Undergrad: 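Below you will find the structure I want to go over with you.
Keep in mind that this is a model prediction, so the values were computed, not measured.
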Amino acid sequence: MEITLNALIQKIFEYYPDADITQIKEAYELAIQLYKQDESDDFTHALTIAGGLARMRLDVESIAAGLLHDLMEKNRISSEAVKKKFGDNLLQLLEGVTQLNSISTRDSKKNQAEKLRRMFLAIANDIRVVFIKLIDRLHTMRNIDNRKKKQQQSYAQETMDIYAPIASRLGIYTIKKELEDLSFRYLFPDKYSMINKYIRSGSDDRENYVTRVKNILHKKMAKVNIKCQILGRHKHLFSIYQKMIQQNLPFEEIYDIVAFRIIVDTVSQCYEVLGIIHETWKPIPVKIKDYIAAPKPNMYQSLHTTVYGPNKQRIEIQIRTWAMDRVAKTGVAAHWSYKEGKSIDKQTEKTFAWLQDLVENQKTFTDSGEFLEHVKIDLFPNDVYVFTPNGDVISLPQGATSIDFAYAIHTEVGNRCVGAKINGTMRPLKYQLKTGDHVEVITAKNQHPGKNWLNFVKTVKAKSKIRQWIKSQEHDRSLSLGREMCEREFQKNKLSFSKELKSDIFEQIRKDFKYKTIDDLIAAVGYGKVTPRQILRYFKPHQNKNSTVRKFIQKLKRRPKTGVRVEGIDDILIRFGKCCKPLPGDDVIGYITNGFGVTVHKTSCINGIKMSPERQIEVEWDTEHSGNFPVEISVLVSDRMGLLADISTEISKNNSNIVSLQMHTFPEGDICNRFVITVQNTQHLEKIIKAIEKIRNVKRVKRENK
């Protein structure tokens with residue numbers, strides 16, 4: 001439905017009767033003038049965005065920005081013109097939205113990470129930019145039917161990876177659910193159609209059931225004079241699909257598809273209604289959640305219960321007040337002040353404290369893969385709620401430990417944590433906290449973080465602070481080791497390292513190796529990134545022209561070609577991580593290991609991510625020296641005569657060799673064949689996989705350790 005300027009203004013006056021709508025009128029006039037020049041649908045899109053922001057009850061400035069949000073990115077208006085006409089605040093808001101428009105999952109991991117950094121900085125600076133972008137993305141996803149399939153899937157993937165999780169984190173569940181369903185439709189069209197078909201096929205029976213449950217509830221509420229609204233509908237399609245995947249169930253065995261919502265006037269009525277429901281139908285104890293007493297970090301409040309309703313059918317019921325319902329629909333925006341000049345309230349500030357933490361902690365992430373991993377952790381949390389000794393509620397991701405809790409209190413508490421009492425009982429540091437736990441941290445002055453803590457902590461803050469401490473300690477140890485190694489090498493060549501250290505030559509070496517300080521250069525020797533001999537060559541240049549060069553060339557000639565180049569180093573031992581088995585074409589990173597040269601991991605490999613960033617070194621595939629690399633693939637089949645021979649033939653036909661084969665038969669009769677084959681690169685592997693997929697009775701082919 002197309003919105004008009006009058007309808008837009010009327011909507012604003014409903015929640016802000018004293019609004020000065022001059023800015024909106026001026027933005028409207030400018031938008032209609034600039035958008036109409038190319039007779040596109042851009043103006044309708046802009047007006048729709050403004051209408052969506054008004055429905056979220058946002059301030060005048062945000063709605064004006066919604067009208068103008070595409071103009072700056074498309075260079076139809078300059079920053080100077082916006083600043084002159086509308087002021088600094090609106091300009092900064094539009095610049096923030098423009099930054100968000102540049103995010104794309106089609107970028108390389110490094111570029112994507114950098115853009116995500118800028119994105120989170122823009123949101124942290126003014127959270128209104130994300131409200132505008134979410135409404136913008138929602139309208140785009142509703143209208144991509146006419147785009148090419150590849151573009152539809154690209155938009156859907158970006159939406160599922162970035163925008164739906166942000167909407168969830170900010171508690172804007174109506175937008176989150178619709179974005180997920182729209183993305184699901186384009187990413188998995190067959191599965192979407194299947195679930196949609198199932199939903200539609202039983203719609204009449206389901207509608208009758210919903211009416212029956214609502215009638216029972218209305219009668220129960222009328223008896224105790226509780227005025228309420230009762231809503232009943234099936235859950236959104238993507239959540240049903242997630243449940244099928246997570247619990248490995250077919251659609252027919254997903255029982256709680258129908259959900260009900262009861263909206264009342266007061267908090268006390270919420271608990272009264274919960275009691276009535278549990279008197280009427282038997283509840284499932286583990287499914288009772290009280291988000292009123294312990295709200296989610298995005299301020300979501302509601303009582304949740306799942307009961308065996310009529311016909312013993314499982315139904316989920318949510319109970320909340322009208323105010324809570326508005327927060328559930330618009331999240332943090334429900335608490336956002338629409339009146340100019342008012343500062344953000346403390347409750348709202350807490351809601352996106354996770355974002356502020358991410359922005360603060362991202363400075364310690366030197367690797368793009370590591371940063372993306374932590375963004376993912378923060379955007380897809382399963383929260384548990386635990387209590388401090390003072391009774392304050394701390395929200396942590398599922399699987400968080402007492403170490404995570406300690407760092408959530410304060411960095412020093414985390415660094416000095418030696419143990420924790422959980423509900424009055426001492427527990428190991430890696431004990432995983434549960435909702436309702438009372439936690440008391442025990443500290444000691446001489447305690448410090450252990451490297452093994454990184455194996456079980458969950459929060460970004462804990463990982464970041466532990467790595468920070470380890471990095472400082474490793475730097476000191478490497479500095480000491482580097483000095484010792486240099487002193488020995490210089491002594492062998494009848495030179496004094498401590499004396500030469502004071503010379504100007506060392507400053508030149510520092511510049512050549514691109515280190516900030518001479519101490520950093522020497523620490524790099526301790527890490528193994530620079531050798532003492534490389535430094536010595538500056539003081540004994542004649543060696544470069546004689547025996548050293550000859551030995552170096554001979555060694556280089558003997559060196560096996562691994563197919564990988566290490567940035568700035570030619571003569572070094574290369575190994576490939578057994579955990580992830582990288583292939584040419586994969587994004588890779590190198591890690592210096594004591595005595596074993598450089599180990600190459602995929603940038604997404606969890607073992608690589610756990611390693612100290614200081615030991616990281618840039619590597620790239622050497623396309624001039626190709627070779628064969630082992631890779632494991634699993635082929636799921638329903639057996640038939642000659643099937644294994646057909647698979648082997650396709651592998652051989654595509655110039656690959658089978659190194660090993662393992663077979664596992666499932667109870668239902670399917671067989672999983674795990675082949676280790678040799679390939680040249682990811683393109684070669686993809687060609688083999690596609691060839692095997694075409695064979696009759698092959699159900700699925702995938703690369704393992706991907």
Side-chain angles (χ1 to χ4, degrees), residues 364 366-367 448-451 466-560 562 564-575 589-601 608 610-620:
T364 65
T366 54
D367 171 55
H448 54 74
K451 207 168 187 176
I466 293 165
R467 279 202 176 100
Q468 208 171 5
W469 191 90
I470 291 169
K471 182 180 174 182
S472 68
Q473 296 301 304
E474 286 192 348
H475 184 273
D476 292 345
R477 283 198 295 270
S478 297
L479 181 60
S480 175
L481 179 60
R483 282 181 184 278
E484 191 180 323
M485 290 167 71
C486 286
E487 281 169 359
R488 279 204 303 265
E489 192 66 34
F490 273 60
Q491 201 171 8
K492 279 184 201 173
N493 289 272
K494 298 177 181 178
L495 289 171
S496 167
F497 175 69
S498 55
K499 182 181 174 183
E500 300 296 350
L501 191 60
K502 298 170 186 174
S503 69
D504 294 338
I505 298 175
F506 252 99
E507 185 59 29
Q508 184 59 46
I509 301 171
R510 179 194 68 76
K511 288 178 182 176
D512 288 353
F513 281 90
K514 297 177 182 175
Y515 286 99
K516 288 182 181 177
T517 66
I518 290 173
D519 276 357
D520 288 342
L521 169 66
I522 298 167
V525 174
Y527 271 118
K529 288 187 175 184
V530 178
T531 67
R533 188 161 292 184
Q534 284 174 296
I535 293 175
L536 185 66
R537 285 173 189 161
Y538 282 81
F539 298 91
K540 307 252 314 181
H542 62 279
Q543 280 197 337
N544 277 339
K545 297 174 185 176
N546 300 306
S547 60
T548 305
V549 169
R550 282 199 300 275
K551 286 178 185 176
F552 177 75
I553 291 169
Q554 286 167 3
K555 195 172 182 182
L556 190 61
K557 284 178 180 175
R558 291 196 302 271
R559 184 171 62 93
T562 61
V564 167
R565 279 197 294 259
V566 180
E567 189 180 88
I569 304 175
D570 294 320
D571 184 15
I572 196 162
L573 178 65
I574 302 289
R575 298 191 311 161
I589 194 74
Y591 291 92
I592 296 164
T593 54
N594 291 327
F596 294 103
V598 170
T599 302
V600 178
H601 291 270
K610 286 178 182 176
M611 290 188 190
S612 167
E614 281 295 317
R615 295 193 177 275
Q616 183 180 302
I617 190 166
E618 292 293 328
V619 296
E620 62 179 20

Undergrad: Should R510 and D519 count as an ion pair when the cut-off is N to O under 4.0 Å?
TA: no
Undergrad: Just verifying a value: how many Å separate I522 CD1 and Y515 OH, rounded to the nearest 0.5 Å?
TA: 12.0 Å
Undergrad: Please give me the minimum heavy-atom distance between D512 and Y538, naming the atom from each residue.
TA: OD2-OH, 2.8 Å
Undergrad: Hey, what's the ring geometry for Y591 with H601, parallel, tilted or perpendicular (30° and 60° as the breaks)?
TA: perpendicular
Undergrad: Of all the heavy-atom pairs spanning I466 and G450, show the shortest one and how long it is.
TA: CG2-O, 4.0 Å
Undergrad: Check Q534 against T531 and note the closest heavy-atom contact, atom names and distance.
TA: OE1-N, 2.8 Å
Undergrad: Please determine whether the number of non-hydrogen atoms from other residues, nucleotides or ligands lying under 6.0 Å from atom CD of E507 exceeds 12.
TA: yes
Undergrad: Using 0.5 Å steps for rounding, measure from the CG atom of L521 to the NZ atom of K514.
TA: 14.0 Å
Undergrad: On a heavy-atom basis, which atom in V619 and which in G590 lie closest, and how many Å separate them?
TA: CG2-N, 3.6 Å
Undergrad: Could you state the interatomic distance from CD (E500) to CD1 (I509), rounded to the nearest 0.5 Å?
TA: 9.0 Å
Undergrad: Only one of R533, R537, K494 clears salt bridge (charged side-chain N to carboxylate O under 4.0 Å, His left out) with E489; which?
TA: R533
Undergrad: Working to the nearest 0.5 angstrom, can you tell me the gap between K502 NZ and I518 CD1?
TA: 12.5 Å
Undergrad: Indicate the ring-plane relationship of F490 and F497, choosing parallel, tilted or perpendicular according to the 30° and 60° boundaries.
TA: perpendicular
Undergrad: Would E484 and R488 satisfy salt bridge (charged side-chain N to carboxylate O under 4.0 Å, His left out), going step by step from the backbone distance to the final call?
TA: CA-CA 6 Å; E484 191 180 323; R488 279 204 303 265; 3.1 Å; yes
Undergrad: Closest heavy-atom contact between P532 and C486?
TA: CB-CA, 4.3 Å
